[in-house]
Amino acid sequence: QQQVKQSPQSLIVQKGGISIINCAYENTAFDYFPWYQQFPGKGPALLIAIRPDVSEKKEGRFTISFNKSAKQFSLHIMDSQPGDSATYFCAARTGGYQKVTFGTGTKLQVIP
Amino acid sequence: GAVVSQHPSRVICKSGTSVKIECRSLDFQATTMFWYRQFPKKSLMLMATSNEGSKATYEQGVEKDKFLINHASLTLSTLTVTSAHPEDSSFYICSAPDRHEEQFFGPGTRLTVL
């Protein structure tokens, strides 16, 4: 059972544009929603995370929007740069030392 | 942030042999570590939860006798792929939560079984 659904599967954005990746979850016990960035041949790295009591969190060019009632959250990358080209995973977790459930991933390509 | 290392970064072995992969938390202690497997262009799938001082907890469908996990200390967990076969070829990634409950991932180990 896919507990975290992610779309789109791939995304091509012009340099300077906005990249938007969407995720939806089913398990209402999830209480922490991180986003990870992964480059080829590397492990995932935490990008930004949010808890469900907050509707939006911004760190630099990265913003998470969270809609608890719809059980949806999204990542916005402003002023996208070629260096942002990577695979992005949304994820969810039920507690501090619990396993992370990953979305299916979005391969982002930012073209000059 | 905290650092998690893995060794080796890549390994090639013959079918039927066993391979050990190490996961270390370099600057923090971790009573729990997680092992994931990732196929090309796919997401990370949790294989098992490694617990220091007790048996690992395996996800449904993961063969515990094939993927042996030992959490030897508060900074080291090992995954041994026993009697490896070509279908075990994959990218194996570990993670560990620090004292702030934030999970940090290792750089991954690329296993190729010939």
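So you know, we letter chains A, B, ... as the sequences are listed, proteins then strands, and number each from 1.
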**Asked** Step by step, would you call B:F91 with A:K42 a side-chain contact (heavy atoms from CB on, under 4.5 Å)?
**Response** CA-CA 9 Å; B:F91 194 49; A:K42 304 295 183 183; 5.9 Å; no
| query | Do other residues, nucleotides or ligands put more than 12 heavy atoms under 6.0 Å from B:R10 CZ? | reply | no
Determine whether more than 12 heavy atoms belonging to other residues, nucleotides or ligands lie under 6.0 Å from atom NZ of A:K15. no
Honestly, the part of B:L44 sitting under 4.5 Å from a heavy atom of chain A is both
Under 4.5 Å to a heavy atom of chain A? For B:F104 that would be neither
Separation between CD (A:Q98) and OG1 (B:T32), nearest 0.5 Å, reads 8.0 Å
When the 4.5 angstrom heavy-atom criterion is applied to A:Q38 and chain B, the contacting part is side chain
Scanning both residues in full, the closest heavy-atom pair of B:S43 with A:G103 reads OG-O, 2.6 Å
- Does atom CD of A:Q9 have more than 12 heavy-atom neighbours, drawn from other residues, nucleotides or ligands, at distances under 6.0 Å? no
Establish whether A:L108 and A:I64 are linked, either directly or via other cluster members, by ILVMFWY side-chain heavy-atom contacts under 4.5 Å.
yes
Q | Shared hydrophobic cluster for B:L76 and B:V11 (ILVMFWY, side-chain gaps under 4.5 Å) | A | no
Max heavy-atom pairs within cutoff under 4.5 Å with chain A, candidates B:H100, B:E101, B:Q6, goes to B:E101
Are the side chains of A:V100 and B:Y36 in touch, meaning some heavy atoms are under 4.5 Å apart? yes
Next on the checklist: Tell me if the centroids of the rings in B:F105 and A:F102 come within less than 6.0 Å of each other.
Outcome noted: yes
Greatest number of non-hydrogen atom pairs under 4.5 angstrom with chain B, of A:G43, A:G105, A:P44, A:G41, falls to A:P44
Bottom line for B:Q38: the part with an atom under 4.5 Å from chain A's heavy atoms is side chain
Worksheet entry | Linked, directly or transitively: B:L68 and B:V62 (ILVMFWY side chains, under 4.5 Å) | no
Note to self: Walk me through whether A:Y36 and B:Q103 qualify under side-chain contact (heavy atoms from CB on, under 4.5 Å).
What the structure shows: CA-CA 11 Å; A:Y36 293 92; B:Q103 286 211 31; 4.2 Å; yes
Bottom line for B:K41: the part with an atom under 4.5 Å from chain A's heavy atoms is neither
* Asked: Can you hop from A:I48 to A:I50 via hydrophobic side chains spaced under 4.5 Å?
  -> yes
- Message: Please say yes or no: joined through hydrophobic side-chain contacts below 4.5 Å, possibly via intermediate residues, are B:Y58 and B:F34 part of one cluster?
- Response: no
Applying a strict 4.5 Å limit to non-hydrogen atoms, the region of B:E59 in contact with chain A is side chain
